[in-house]
> 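I have a structure here, written as C-alpha coordinates, and I will follow up with some questions on it.
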Amino acid sequence: MSRLQDKVALITGGAQGIGLATAQAFVDAGARVYIADIEDDIGRKAAEMLGTNAEYLSLDVGEETQWKETTALLLQKHECLDIVVNNAGITGFTETSTPQDPEHFELAAWHSVHKTNLDGVSLGCKYAIAMLKNAKSASIVNISSRSGMVGIPGAAAYASSKAAVRNHSKTVALYCAQQGYPIRCNSVHPGAILTPMWNAMLGEGEQRKAAIDMVAQDIPLQTMGTPEDVAYAVLYLASDEAKYVTGIELTVDGGILAGATAAPKKSS
(Lines give C-alpha, C1' and ligand atoms only; values in the text may rest on other atoms or scores of the structure.)
Protein backbone atom coordinates (compact mmCIF):
# COMPACT_ATOMS: atom_id res chain seq x y z
CA MET A 1 0.00 0.00 0.00
CA SER A 2 1.52 3.33 -1.11
CA ARG A 3 0.59 5.43 1.89
CA LEU A 4 3.09 8.18 1.01
CA GLN A 5 2.98 7.92 -2.78
CA ASP A 6 4.70 10.90 -4.44
CA LYS A 7 5.30 12.67 -1.13
CA VAL A 8 8.71 14.24 -0.43
CA ALA A 9 10.21 13.83 3.03
CA LEU A 10 13.26 15.03 4.97
CA ILE A 11 14.45 12.96 7.93
CA THR A 12 17.21 14.28 10.19
CA GLY A 13 19.48 11.82 11.95
CA GLY A 14 18.56 9.46 9.15
CA ALA A 15 21.82 7.55 8.80
CA GLN A 16 21.02 4.89 11.39
CA GLY A 17 18.65 3.76 14.13
CA ILE A 18 15.13 5.16 14.20
CA GLY A 19 15.90 7.64 11.42
CA LEU A 20 17.05 4.96 9.01
CA ALA A 21 14.14 2.64 9.87
CA THR A 22 11.77 5.55 9.23
CA ALA A 23 13.46 6.32 5.91
CA GLN A 24 13.05 2.68 4.87
CA ALA A 25 9.36 2.71 5.84
CA PHE A 26 8.82 5.93 3.89
CA VAL A 27 10.54 4.63 0.77
CA ASP A 28 8.52 1.42 0.99
CA ALA A 29 5.38 3.56 1.23
CA GLY A 30 6.20 5.42 -2.00
CA ALA A 31 7.94 8.58 -0.76
CA ARG A 32 10.99 10.38 -2.07
CA VAL A 33 13.24 10.62 1.00
CA TYR A 34 16.16 12.87 1.89
CA ILE A 35 18.13 11.60 4.86
CA ALA A 36 20.23 14.21 6.66
CA ASP A 37 22.99 13.56 9.18
CA ILE A 38 26.50 14.53 10.25
CA GLU A 39 27.76 10.95 9.78
CA ASP A 40 28.50 11.41 6.10
CA ASP A 41 29.99 8.01 5.26
CA ILE A 42 27.25 6.09 7.07
CA GLY A 43 24.61 8.38 5.60
CA ARG A 44 25.74 7.95 2.01
CA LYS A 45 25.80 4.16 2.41
CA ALA A 46 22.32 4.27 3.94
CA ALA A 47 20.97 6.28 1.00
CA GLU A 48 22.55 3.84 -1.45
CA MET A 49 20.97 0.94 0.41
CA LEU A 50 17.54 2.60 0.26
CA GLY A 51 17.73 2.90 -3.54
CA THR A 52 16.91 5.52 -6.12
CA ASN A 53 14.17 7.18 -4.06
CA ALA A 54 16.63 8.22 -1.35
CA GLU A 55 19.36 10.84 -1.23
CA TYR A 56 21.81 11.88 1.49
CA LEU A 57 22.36 15.44 2.70
CA SER A 58 24.97 16.55 5.23
CA LEU A 59 23.30 18.64 7.93
CA ASP A 60 24.22 19.66 11.47
CA VAL A 61 20.76 20.41 12.88
CA GLY A 62 22.09 22.81 15.51
CA GLU A 63 23.52 25.19 12.88
CA GLU A 64 20.97 27.59 11.38
CA THR A 65 23.18 28.45 8.41
CA GLN A 66 23.11 24.79 7.37
CA TRP A 67 19.32 24.69 7.72
CA LYS A 68 19.05 27.72 5.43
CA GLU A 69 21.27 26.04 2.84
CA THR A 70 19.39 22.75 3.05
CA THR A 71 16.02 24.49 2.74
CA ALA A 72 17.16 26.46 -0.30
CA LEU A 73 18.53 23.31 -1.93
CA LEU A 74 15.36 21.31 -1.39
CA LEU A 75 13.07 24.11 -2.56
CA GLN A 76 15.19 24.35 -5.70
CA LYS A 77 14.49 20.69 -6.38
CA HIS A 78 10.85 20.65 -5.29
CA GLU A 79 8.07 23.22 -5.16
CA CYS A 80 7.52 22.13 -1.57
CA LEU A 81 8.04 19.19 0.76
CA ASP A 82 5.30 17.16 2.44
CA ILE A 83 6.98 15.70 5.53
CA VAL A 84 9.79 16.64 7.90
CA VAL A 85 10.87 14.26 10.66
CA ASN A 86 13.09 15.92 13.26
CA ASN A 87 14.83 12.83 14.61
CA ALA A 88 18.46 13.83 15.19
CA GLY A 89 19.43 13.67 18.85
CA ILE A 90 22.17 12.82 21.35
CA THR A 91 22.17 11.56 24.94
CA GLY A 92 25.34 13.36 26.04
CA PHE A 93 26.84 10.15 27.43
CA THR A 94 29.23 9.52 24.55
CA GLU A 95 29.41 13.06 23.18
CA THR A 96 30.71 14.54 26.47
CA SER A 97 32.82 13.11 29.29
CA THR A 98 31.09 14.94 32.11
CA PRO A 99 28.35 13.85 34.55
CA GLN A 100 24.78 14.22 33.32
CA ASP A 101 22.98 14.45 36.68
CA PRO A 102 21.40 17.68 38.05
CA GLU A 103 24.06 18.20 40.72
CA HIS A 104 27.30 17.71 38.80
CA PHE A 105 26.62 18.55 35.13
CA GLU A 106 28.83 21.08 33.35
CA LEU A 107 27.14 23.92 31.52
CA ALA A 108 29.02 23.33 28.27
CA ALA A 109 27.76 19.73 28.16
CA TRP A 110 24.22 20.89 28.99
CA HIS A 111 24.36 23.36 26.11
CA SER A 112 25.77 20.72 23.75
CA VAL A 113 22.85 18.35 24.37
CA HIS A 114 20.28 21.13 24.05
CA LYS A 115 21.88 22.47 20.88
CA THR A 116 21.22 19.21 19.07
CA ASN A 117 18.06 18.00 20.77
CA LEU A 118 16.16 21.24 21.27
CA ASP A 119 17.73 23.90 19.05
CA GLY A 120 17.95 21.32 16.27
CA VAL A 121 14.25 20.49 16.52
CA SER A 122 13.22 24.14 16.88
CA LEU A 123 15.20 25.07 13.78
CA GLY A 124 13.86 21.96 12.08
CA CYS A 125 10.31 23.13 12.72
CA LYS A 126 11.10 26.70 11.64
CA TYR A 127 12.47 25.62 8.28
CA ALA A 128 9.96 22.79 7.92
CA ILE A 129 7.19 25.39 7.95
CA ALA A 130 8.93 27.22 5.11
CA MET A 131 9.23 23.97 3.13
CA LEU A 132 5.77 22.57 3.90
CA LYS A 133 3.34 25.49 3.98
CA ASN A 134 2.60 25.29 0.25
CA ALA A 135 1.87 21.57 0.34
CA LYS A 136 -1.64 20.16 0.05
CA SER A 137 -1.36 18.20 3.30
CA ALA A 138 1.84 18.24 5.33
CA SER A 139 3.24 16.77 8.54
CA ILE A 140 6.04 17.54 10.99
CA VAL A 141 6.94 14.66 13.31
CA ASN A 142 9.35 15.42 16.15
CA ILE A 143 11.08 12.54 17.91
CA SER A 144 11.03 13.22 21.63
CA SER A 145 11.41 10.42 24.18
CA ARG A 146 9.85 8.69 27.15
CA SER A 147 12.48 10.76 28.97
CA GLY A 148 10.61 13.88 27.90
CA MET A 149 7.63 12.85 30.02
CA VAL A 150 9.34 11.68 33.23
CA GLY A 151 12.43 12.69 35.19
CA ILE A 152 15.73 10.89 34.52
CA PRO A 153 18.17 11.41 37.45
CA GLY A 154 21.29 10.52 35.47
CA ALA A 155 20.41 12.32 32.23
CA ALA A 156 19.15 15.76 33.19
CA ALA A 157 20.00 17.58 29.97
CA TYR A 158 18.59 14.82 27.78
CA ALA A 159 15.32 14.69 29.73
CA SER A 160 15.03 18.48 29.76
CA SER A 161 15.61 18.79 26.02
CA LYS A 162 13.15 16.04 25.17
CA ALA A 163 10.48 17.54 27.43
CA ALA A 164 10.92 20.83 25.58
CA VAL A 165 10.48 19.03 22.25
CA ARG A 166 7.16 17.65 23.49
CA ASN A 167 5.87 21.11 24.39
CA HIS A 168 7.29 22.88 21.34
CA SER A 169 5.56 20.38 19.08
CA LYS A 170 2.21 21.48 20.53
CA THR A 171 3.11 25.14 20.01
CA VAL A 172 4.02 24.46 16.38
CA ALA A 173 0.78 22.52 15.87
CA LEU A 174 -1.32 25.40 17.22
CA TYR A 175 0.67 28.04 15.34
CA CYS A 176 0.26 26.25 12.00
CA ALA A 177 -3.47 25.85 12.61
CA GLN A 178 -3.75 29.51 13.58
CA GLN A 179 -1.96 30.59 10.40
CA GLY A 180 -4.12 28.34 8.23
CA TYR A 181 -1.12 26.31 7.10
CA PRO A 182 -1.86 22.73 5.96
CA ILE A 183 0.71 21.43 8.46
CA ARG A 184 0.14 19.06 11.36
CA CYS A 185 2.80 18.66 14.06
CA ASN A 186 3.07 15.79 16.53
CA SER A 187 5.72 14.22 18.76
CA VAL A 188 6.66 10.56 19.14
CA HIS A 189 8.06 9.30 22.45
CA PRO A 190 10.10 6.10 22.16
CA GLY A 191 10.98 4.19 25.30
CA ALA A 192 13.63 1.49 25.41
CA ILE A 193 14.36 1.07 21.69
CA LEU A 194 17.43 -0.94 20.72
CA THR A 195 19.37 1.61 18.65
CA PRO A 196 23.06 2.62 18.44
CA MET A 197 22.29 5.32 21.04
CA TRP A 198 22.12 2.54 23.65
CA ASN A 199 25.50 0.99 22.80
CA ALA A 200 27.46 2.95 25.41
CA MET A 201 25.06 1.82 28.14
CA LEU A 202 24.72 -1.83 27.11
CA GLY A 203 28.33 -2.84 26.49
CA GLU A 204 29.28 -5.85 24.36
CA GLY A 205 29.05 -9.65 24.31
CA GLU A 206 27.57 -11.37 27.35
CA GLN A 207 27.47 -8.07 29.22
CA ARG A 208 25.27 -6.63 26.47
CA LYS A 209 22.85 -9.54 26.57
CA ALA A 210 22.60 -9.33 30.35
CA ALA A 211 22.04 -5.57 30.20
CA ILE A 212 19.28 -5.95 27.59
CA ASP A 213 17.60 -8.61 29.71
CA MET A 214 17.77 -6.31 32.74
CA VAL A 215 16.19 -3.42 30.83
CA ALA A 216 13.47 -5.74 29.53
CA GLN A 217 12.51 -6.74 33.07
CA ASP A 218 11.16 -3.24 33.71
CA ILE A 219 9.10 -3.14 30.50
CA PRO A 220 5.52 -4.47 30.70
CA LEU A 221 5.89 -6.19 27.31
CA GLN A 222 9.19 -7.70 28.59
CA THR A 223 11.30 -6.75 25.56
CA MET A 224 13.13 -3.74 24.16
CA GLY A 225 11.59 -2.24 21.06
CA THR A 226 13.09 -2.04 17.58
CA PRO A 227 13.60 1.04 15.40
CA GLU A 228 10.87 -0.33 13.12
CA ASP A 229 8.37 -0.13 16.01
CA VAL A 230 8.92 3.63 16.12
CA ALA A 231 9.04 3.97 12.33
CA TYR A 232 5.52 2.55 12.02
CA ALA A 233 4.23 5.21 14.43
CA VAL A 234 6.00 7.98 12.50
CA LEU A 235 4.62 6.60 9.22
CA TYR A 236 1.08 6.88 10.56
CA LEU A 237 1.54 10.48 11.72
CA ALA A 238 3.22 11.42 8.44
CA SER A 239 0.45 9.94 6.32
CA ASP A 240 -2.91 11.44 5.41
CA GLU A 241 -4.52 8.77 7.59
CA ALA A 242 -3.65 11.13 10.46
CA LYS A 243 -5.14 14.21 8.75
CA TYR A 244 -7.14 15.10 11.90
CA VAL A 245 -4.30 14.45 14.34
CA THR A 246 -2.16 17.36 15.49
CA GLY A 247 -0.52 18.40 18.75
CA ILE A 248 -0.43 14.91 20.26
CA GLU A 249 2.33 12.85 21.81
CA LEU A 250 2.42 9.20 20.78
CA THR A 251 4.33 6.90 23.13
CA VAL A 252 6.04 3.79 21.76
CA ASP A 253 7.43 2.25 24.92
CA GLY A 254 6.09 -1.25 25.51
CA GLY A 255 3.84 0.04 28.27
CA ILE A 256 6.47 1.73 30.46
CA LEU A 257 4.48 4.93 30.93
CA ALA A 258 1.21 3.13 31.60
CA GLY A 259 2.08 3.22 35.29
CA ALA A 260 5.02 3.48 37.68
CA THR A 261 6.13 0.11 39.11
CA ALA A 262 9.04 1.16 41.32
CA ALA A 263 10.76 4.14 42.88
CA PRO A 264 14.19 5.20 41.55
CA LYS A 265 17.01 3.01 42.86
CA LYS A 266 19.03 4.52 45.70
CA SER A 267 22.71 5.14 45.05
CA SER A 268 25.05 3.14 47.28
Side-chain angles (χ1 to χ4, degrees), residues 3-4 6-14 18-23 25-27 29 31-37 57 59-62 64 66-68 70-75 78-89 116-145 148-149 161-190 230-252:
R3 299 163 72 182
L4 302 182
D6 300 324
K7 289 186 179 288
V8 181
L10 170 66
I11 301 172
T12 69
I18 290 169
L20 179 56
T22 301
F26 280 18
V27 168
R32 169 74 180 171
V33 177
Y34 293 89
I35 58 175
D37 212 298
L57 301 173
L59 171 65
D60 182 339
V61 296
E64 186 165 18
Q66 294 190 29
W67 269 109
K68 289 179 179 177
T70 298
T71 299
L73 174 66
L74 290 175
L75 289 180
H78 305 277
E79 182 180 340
C80 62
L81 269 66
D82 304 286
I83 303 160
V84 171
V85 180
N86 290 306
N87 167 72
T116 296
N117 294 2
L118 178 54
D119 296 355
V121 169
S122 299
L123 289 169
C125 290
K126 175 180 179 177
Y127 288 96
I129 292 170
M131 292 186 280
L132 301 178
K133 64 184 179 182
N134 293 319
K136 182 179 178 183
S137 176
S139 175
I140 299 171
V141 182
N142 296 326
I143 307 301
S144 179
S145 171
M149 303 177 81
S161 66
K162 290 299 187 177
V165 167
R166 172 180 180 250
N167 192 268
H168 189 64
S169 299
K170 297 177 186 300
T171 296
V172 172
L174 294 176
Y175 174 82
C176 288
Q178 181 187 66
Q179 298 299 312
Y181 295 150
I183 303 171
R184 296 174 294 103
C185 183
N186 298 286
S187 59
V188 174
H189 297 253
V230 183
Y232 296 140
V234 178
L235 176 60
Y236 164 67
L237 291 173
S239 75
D240 290 336
E241 295 161 23
K243 64 184 178 63
Y244 199 58
V245 179
T246 195
I248 72 158
E249 62 260 3
L250 177 55
T251 57
V252 185

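For clarity, every value in this text was computed on a predicted model and none was experimentally measured.
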> Can you measure from CG (N117) to CG (N86) and round to the nearest 0.5 angstrom?
11.5 Å
> Give, for atom CD1 of I143 and atom CG of N186, the distance between the pair rounded to the nearest 0.5 Å.
10.5 Å
> Which distance, rounded to the nearest 0.5 Å, do you find between the CD1 of I83 and the CD1 of I183?
12.5 Å
> Do V61 and T116 have side chains that approach each other closer than 4.5 Å (heavy atoms only, starting at C-beta)?
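Side chain of V61 against side chain of T116, heavy atoms only: contact under 4.5 Å found.
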> Would you say R184's side chain and L237's backbone share a donor-acceptor pair under 3.5 angstrom?
yes
> Quick one: does N87's side chain have a donor or acceptor within less than 3.5 Å of a partner on G13's backbone?
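Yes, because the side chain of N87 sits within donor-acceptor range (under 3.5 Å) of the backbone of G13.
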> Taking C-beta and beyond as the side chain, do V252 and Y232 meet within less than 4.5 Å on heavy atoms?
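V252 does not reach Y232 side chain to side chain.
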> Is the closest side-chain heavy-atom distance between K7 and D240 below 4.5 Å?
yes
> Let me check something: any side-chain donor-acceptor pairs from residues 172-181 under 3.5 Å, sequence neighbours excluded? List them with distances.
none

> Could you report the tightest heavy-atom contact between L250 and A233, atom names first, then the distance?
CD2-CB, 3.7 Å
> What orientation do W67 and Y127 show, parallel under 30°, tilted 30 to 60°, or perpendicular over 60°?
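W67 vs Y127 ring planes: parallel.
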> Can you name the closest pair of heavy atoms from K170 and G247 and give their distance?
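The answer is NZ-O, 3.0 Å.
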> How would you list, by chain and number, every residue that makes a salt bridge (charged side-chain N to carboxylate O under 4.0 Å, His left out) with K162, sequence neighbours excluded?
none
> List for me each residue that meets side chain to side chain contact (heavy atoms under 4.5 Å, CB included) alongside A23, sequence neighbours excluded, and say none if there are none.
I11, V33, I35, L50
> Restricting to salt bridge (charged side-chain N to carboxylate O under 4.0 Å, His left out), what partner residues turn up for K126, sequence neighbours left out?
E64
> For I18 versus P190, what's the shortest heavy-atom pair and its separation?
CD1-CG, 4.0 Å
> Quick check on side-chain hydrogen bond (donor to acceptor under 3.5 Å, both in side chains): which of S169, S122, S187 does N142 satisfy it with?
S169
> Just wondering, do L132 and V84 contact through their side chains at under 4.5 Å, heavy atoms?
yes
> With sequence neighbours excluded, what pairs up with A164 under the side chain to side chain contact (heavy atoms under 4.5 Å, CB included) test?
L118
> Can you tell me how far the OG atom of S139 sits from the CG atom of D82, to the nearest 0.5 Å?
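Nearest 0.5 Å value for the OG-CG distance: 10.0 Å.
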> Is there side-chain contact between S144 and E249, with heavy atoms separated by less than 4.5 Å?
no
> Can you tell me how far the CG atom of L73 sits from the CD atom of Q66, to the nearest 0.5 Å?
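Taking CG in L73 and CD in Q66, the distance rounds to 12.5 Å.
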> To the closest 0.5 Å, what do you measure between CG (L75) and OG1 (T70)?
10.5 Å
> Can you name the salt bridge (charged side-chain N to carboxylate O under 4.0 Å, His left out) partners of K243, sequence neighbours left out?
none
